[in-house]
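None of the values given here were measured: they were computed from a predicted structure. Labels below follow one simple rule: chain letters A, B, ... track the order of the sequence lines, proteins then strands, and each chain is numbered from 1.
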Amino acid sequence: MFNKLIADIFNEIAALLSIDENASQFEVRAYQKAALTIGTLQEPIEDIYAKGGKEALQKLPGIGSTLADRIIEYIKTGKIEKYEELKKKYPIDIKALTSIEGMGAKKAITLYKKLGVKNIEDLKKAISRHEISKLPGFGEKSESLIEKGIELIEQSKGRMLLGDALPIAERIVEELKKSGLVTNAVIAGSTRRMRETVGDLDILALSNRQEEVMDFFTRLSDVSNIIAKGPTKTTVWLKIGMSCDLRVIEPESFSAALQYFTGSKEHNIEVRKIAIKNGYKLNEYGLFKGNARVKVKSEAEIYEKLGMQYIPPEMREDRGEIKLAMEHKIPKLIELGDLKGDLHTHTKESDGANTLEEMAEAAKAKGLSYIAVTNHTKSLKVSNGMDEKGFEEFFKRIDKFNEKEDSFKVLKGAEVDILQDGSLDLSRKLIEEMDVVIAAIHSHLSMDEEEMTMRIEKALDTGLVDIFAHPTGRLILERDPYKVNMESLFESAERNNVVMEINSFPNRLDLSDTNILLASNYKINFAINTDAHRTSHFEFLRYGIGTARRGWLTKDRVINTLDLKRLEKLLEIT
DNA sequence: GCCGTTTTCGGCCCGACTGTTTTCAGTCG
């Protein structure tokens, strides 16, 4: 898969071109836009080329004849001549240097020309000799800022899980509201769009006491230091290792600001182009016709004035949602309240932390009317997997539990391990007795694609599987997906009527948003499950819902939006 | 270097903050 490699090279070319006198800023932007396209592609770019040639590449947004040639050059030779030439001209580690907060390509090249700084190590040496502060255009403050920037990079891990970031953003918003200094505070940015990882937090506040709000904000206990502080925008570094922006907004600008700061950047660029086409100007302060502000009470009204339907934040990624909005075909996305049950949970009997009764209580408190308890099977020793006898005894306890319940039911199930050879880790007889059979891969993850695809398909072809859990096995920021041909997987699921799981665990979110979009083209249904191992994990459902919405999913494609009766009919539970 | 319900040429999103400057370039989102 060359996508990330090529995207990185294009970004580096853009950075190097931005300091090159022969290049225009628009050429720079062209490389950046192409890098973004390639970096967020769902399919390996070499496959796109193999299937459709240069023409297929040129169909990608921001990629024309020249850039298509450069991509082909990389696929064929592993090199891009233009990049090699630029590197010769400017032999510096531009990627590392510009990753320092406050350091762009121009500063990096000045440091190279004046001090011979090629990488972060050189930069550290220059700082220790206090050479930077003596350069024209730089000063004492620049030097210490760069030093701080290097420190921040070395201690930060880059992006962070939505499941870690969202609660902190919510806490900051709550504290701002409690301060009495703001009339409203909301989360914007990628956190509002429910992206699976978040690079920084964006918060908007409504207030006419700007200075006081900023003072309050910079003194919050989550804050470690201040990066920039102004009356309308302040940036701080949080103790958890990410930055957080606070913008204080005037009431008449609030809707426009929320739209603007929610992003994505790519979505906004397209929306602003449409505004211009319609004789408007859209920025963070409002929608303008000439110099006159057009009164809008909500984000929805902004989209409406531009001839579009309201676009939910989770869809704002410039993946075709703007066209849909123009045609008024935005689907009614699934919501948290649509879920009636959870079909993937664990108890103490395998590797969960709580009892059957405790899990049921917690699910009820979340407004659910059924759960399936799906403990691990015997081969998964590390998770205390259960054997046939263990399940039989446990199922008797579930029967007893259900006798006492009238408006809630626990379904009998298992998360059956798919063994290395594709066979299932429990007897056929027991599996057939179960209400909900989840199959999953937990071991031998490094098979090649063909082998892994066959292994999974063999399991699905038994006809015994209801749901395929966390279908790619990835752990976000930790482990890549195992290699599997997604198209054949979805075809096999369609053939065998197997439901694809959207696992809501914050470090799984598997299927991902892009895989959901891909899977939606097949006649398959989905289940949004928590994989809860303790009562507090039911909280994770909102991340699964967020991911499903990012995959444009509607309620009718998700089986655990069905009430118990309909679900039992669908899964043929007697 | 890309792109077209104004265009195959001439546009390309736009404003805040900072540091080092005396009016602005660089960086960021």
Whole angstrom is fine here: how far is it from [atom1] in [X] over to [atom2] in [N]?
| X | N | atom1 | atom2 | answer |
| --- | --- | --- | --- | --- |
| A:Glu143 | B:dT20 | CD | P | 10 Å |
| A:Ile100 | B:dG26 | CD1 | P | 18 Å |
| A:Ile63 | B:dC3 | CD1 | C1' | 14 Å |
| A:Phe261 | B:dA16 | CZ | P | 9 Å |
| A:Lys33 | B:dG29 | NZ | P | 20 Å |
| A:Glu101 | B:dG19 | CD | C1' | 15 Å |
| A:Ile109 | B:dA25 | CD1 | C1' | 17 Å |
| A:Ile19 | B:dG26 | CD1 | P | 12 Å |

Has [X] got a side-chain atom pairing as donor or acceptor with [Y]'s backbone, closer than 3.5 angstrom?
| X | Y | value |
| --- | --- | --- |
| A:Asp47 | A:Pro44 | no |
| A:Thr530 | A:Leu541 | no |
| A:Glu143 | A:Gly139 | no |
| A:Glu321 | A:Arg319 | yes |

Counting any heavy atom closer than 4.0 Å, what does [X] reach on the DNA or RNA strands: base, sugar-phosphate only, or nothing?
| X | value |
| --- | --- |
| A:Lys281 | sugar-phosphate |
| A:Thr234 | nothing |
| A:Lys265 | base |
| A:Ile13 | nothing |
| A:Glu140 | sugar-phosphate |
| A:Phe138 | sugar-phosphate |
| A:Leu145 | sugar-phosphate |
| A:Phe10 | nothing |

Which nucleotide in the list [options] gets nearest to the side chain of [X]?
| X | options | answer |
| --- | --- | --- |
| A:Ser142 | B:dC2, B:dA16, B:dT20 | B:dT20 |
| A:Tyr260 | B:dG29, B:dC12, B:dG26 | B:dG29 |
| A:Lys229 | B:dG29, B:dG1, B:dT18 | B:dT18 |
| A:Lys141 | B:dC17, B:dG26, B:dT20 | B:dT20 |

Under 4.0 Å between a side-chain N/O of [X] and OP1 or OP2 of [N], yes or no?
| X | N | result |
| --- | --- | --- |
| A:Thr232 | B:dC17 | yes |
| A:Asn283 | B:dG15 | yes |
| A:Lys82 | B:dG1 | yes |
| A:Arg70 | B:dG1 | yes |
| A:Tyr285 | B:dA16 | yes |
| A:Thr235 | B:dC28 | no |

Aromatic ring pairing A:Phe490/A:Tyr522, orientation class (parallel under 30°, perpendicular over 60°, tilted between): tilted
Mutual orientation of the aromatic rings belonging to A:Tyr543 and A:Phe540 [parallel < 30°, tilted 30-60°, perpendicular > 60°]: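 Tilted: the ring planes of A:Tyr543 and A:Phe540 meet at 30° to 60°.
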5' precedence on DNA chain B between A:Ala105 and A:Ile276 (nearest-nucleotide basis):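 Nearest nucleotide further toward 5': that of A:Ile276.
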Closest-nucleotide ordering on DNA chain B, the 5'-leading residue of A:Leu135 and A:Ala228: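 Checking each residue's closest nucleotide, the 5'-ward one belongs to A:Ala228.
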Counter-base of B:dT8, judged by Watson-Crick or G-U geometry with both distances under 3.5 Å: none
Rounded distance in Å between the [atom1] positions of [N] and [M]:
| N | M | atom1 | value |
| --- | --- | --- | --- |
| B:dC3 | B:dT8 | C1' | 9 Å |
| B:dT21 | B:dG26 | C1' | 13 Å |
| B:dG15 | B:dG10 | C1' | 25 Å |
| B:dT20 | B:dC28 | P | 16 Å |
| B:dT5 | B:dG1 | C1' | 24 Å |
| B:dC17 | B:dT22 | P | 23 Å |
| B:dC12 | B:dT6 | P | 15 Å |

Taking NZ, NE, NH1 and NH2 as the nitrogens, is one of them in [X] or [Y] under 4.0 Å from a carboxylate oxygen of the other?
| X | Y | result |
| --- | --- | --- |
| A:Asp245 | A:Arg247 | yes |
| A:Glu121 | A:Lys125 | no |
| A:Asp222 | A:Arg171 | yes |

Nearest-0.5 Å distance that lies between atom CG in A:Asp513 and atom CZ in A:Arg550: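 Spacing of CG (A:Asp513) from CZ (A:Arg550) equals 4.5 Å.
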For nucleotides 5-10 of chain B, give me every protein contact, N/O to N/O, under 3.5 Å, one pair per line with atom names.
none

